[in-house]
Amino acid sequence: MIHCRLLYWRNTCSYFLKIDKYHTEGLGFLEIIAFLLGHLIPLLELATRLATHHNFHATVLVVSSNPSSALSQVIQSAKAQNLLDIVELPAPSGHDTNAAGSVFTHLPAIMRDVRSSLRSAISAMENKPSAMIVDLFGPAAFTVAEEFHMLKYVALGSAWTLSLLLYAPVLDKQIEGEYLDQKELLKIPGCKPVRPEDVVKPMMNRKDQEYESFIRIGLEIPSMSDGILINTWEDLEPTCLKTMREHQEWKKIVKIPLYSIGPMVRLVGQSGGGRRSELLDWMDKQPSESVLYISFGSGGVLSAEQIIEMAWGLEFSKQGFIWVVQPPSRGGGGGAKGNDMSEYLPEGFMARTHDKGLVVTTWAPQSEILAHSSIGGFLSHCGWNSALESITQRWRV
């Protein structure tokens, strides 16, 4: 089954790049991965597979200002493998990639302003790239790709997320008033109907600039790119994928190919970071399936009150745990004490739980953790990367 999946992925990859297997030697390939760690990891994995399975020359450009320790560790881990060219571009003046606020307005603005630096970086390459891949915030960079006659692709997570994003402009014309005020379920061909109260954050206020940006991105992706790469596979989201390709209404919206290329997850042994051996050494000493792994993703920051409640729950449960946690969000109470997590935990929590659990305040090698025999469960925010890793490791979430 794994072998068949790999062959399918190889055939798909060669097809979406419109290349022949005899002409992949030295083919240039450019990816722009901007800002978000959750987008960086699967795209780094895609670049790595292109380099190892197809002999591509893959260059990854990361746009960031004041990168977090987690982002820095992932970048350094990728550099250490010597499979990719990693180029770090500073965010344009006046932008902070770690700033709070709407990612749907903030990040596309950074991409628009970084185009000059991007153009210079490509011009300096001895062998010009043949294709460009961006995440959903990056279509503005396609104007630069066109200058260098490059193929243009957008990479996203699930097919369901893609469906909502691309169908949002249709809903924008069909529905009057706020989505939250609707009495009927929102219907998207190929997807289960959506309760109005379950719409994504950018759709909660149609008067907000974030909503305008969300709609604009939904229009740009199918109109500006040569194809869409989805981090899923046919058996995982069959109805959604089939409908988007064959339904007459969808054919009016998406006139470019959709490629399922997943699962793009970090393989065991690829994670870097100084905590890796320490974590695994501790896990080696724990009974089989006895440890609860807790992580809410790179952007999953809890409030001070939520951190305290989680800590008390873990302590009273007497359950073994690995808890990846960051200082609390400013908007949810807390954050004034700085970055020392011990300041936000109940007094004495670390000492009382030292034999049962670990609190990790930096990036954790999630693929290795989930693959370890001591793990018995995963408490997650259910982001797409975590969901795919759970599925591939066969853990309940």
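Numbers here are sequence positions counted from 1. Not measured: the values here are computed from a predicted model.
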Say whether, by atom type as modelled, one donor and one acceptor occur between the side chain of [X] and the main chain of [Y] under 3.5 angstrom.
{"X": "Ser223", "Y": "Glu220", "value": "yes"}
{"X": "Asp226", "Y": "Tyr153", "value": "no"}
{"X": "Thr48", "Y": "Leu44", "value": "yes"}
{"X": "Thr143", "Y": "Ala140", "value": "yes"}
{"X": "Gln182", "Y": "Glu176", "value": "yes"}

Note to self: Do Gln209 and Thr105 pair up side chain to side chain, a donor and an acceptor below 3.5 Å, judged on atom types alone?
What the structure shows: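 Note: Gln209 and Thr105 side chains miss the donor-acceptor criterion.
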Notebook entry, point to check: Under 4.5 Å between side-chain heavy atoms, hopping through other hydrophobics if needed: is there a path connecting Ile308 to Val360?
Noted result: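 Unlinked, Ile308 and Val360 end up in two clusters.
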Notebook entry, point to check: So His372 and Tyr293, ring pair (Phe, Tyr, Trp, His ring centres under 6.0 Å) or not? Walk me through it.
Noted result: CA-CA 11 Å; His372 199 278; Tyr293 175 58; over 10 Å; no
Next item on the list: Hey, can you tell me if Trp323 and Phe321 have their rings parallel, tilted or perpendicular (30° and 60° cut-offs)?
Entry: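 Ring orientation, 0 to 90° scale: perpendicular.
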Item checked: Parallel, tilted or perpendicular: ring planes of Tyr167 versus Trp250, cut at 30 and 60 degrees ->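 Rings of Tyr167 and Trp250: tilted, as their planes differ by 30° to 60°.
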Can you measure from [atom1] ([X]) to [atom2] ([Y]) and round to the nearest 0.5 angstrom?
{"X": "His247", "Y": "Lys242", "atom1": "NE2", "atom2": "NZ", "value": "12.0 Å"}
{"X": "Ile322", "Y": "Leu279", "atom1": "CD1", "atom2": "CG", "value": "5.5 Å"}
{"X": "Asn385", "Y": "Met264", "atom1": "CG", "atom2": "CE", "value": "12.0 Å"}
{"X": "Leu171", "Y": "Ile215", "atom1": "CG", "atom2": "CD1", "value": "8.0 Å"}

Item checked: Cationic N near anionic O, under 4.0 Å, Arg245 to Glu234 ->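 Looking at Arg245 and Glu234, the cut-off is met.
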Notebook entry, point to check: Could Arg115 and Glu147 be called an ion pair, given the rule that one side-chain N must be under 4.0 Å from one carboxylate O?
Noted result: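 Salt bridge: no.
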Next item on the list: Count the heavy atoms of every other residue, nucleotide or ligand shown that sit under 6.0 Å from CD of Glu249, and state whether that count exceeds 12.
Entry: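 Atom CD in Glu249 is packed in, count exceeds 12.
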Notebook entry, point to check: Of Arg216, Glu178, Arg206, which meets side-chain contact (heavy atoms from CB on, under 4.5 Å) against Tyr211?
Noted result: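 So, applying the side-chain contact (heavy atoms from CB on, under 4.5 Å) to Tyr211 and each of Arg216, Glu178, Arg206, only Arg206 qualifies.
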Next item on the list: Please name the residue in the list Ile369, Val291, Leu280 that meets the side-chain contact (heavy atoms from CB on, under 4.5 Å) test with Ser374.
Entry: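 Per the side-chain contact (heavy atoms from CB on, under 4.5 Å) rule, the option paired with Ser374 is Val291, out of Ile369, Val291, Leu280.
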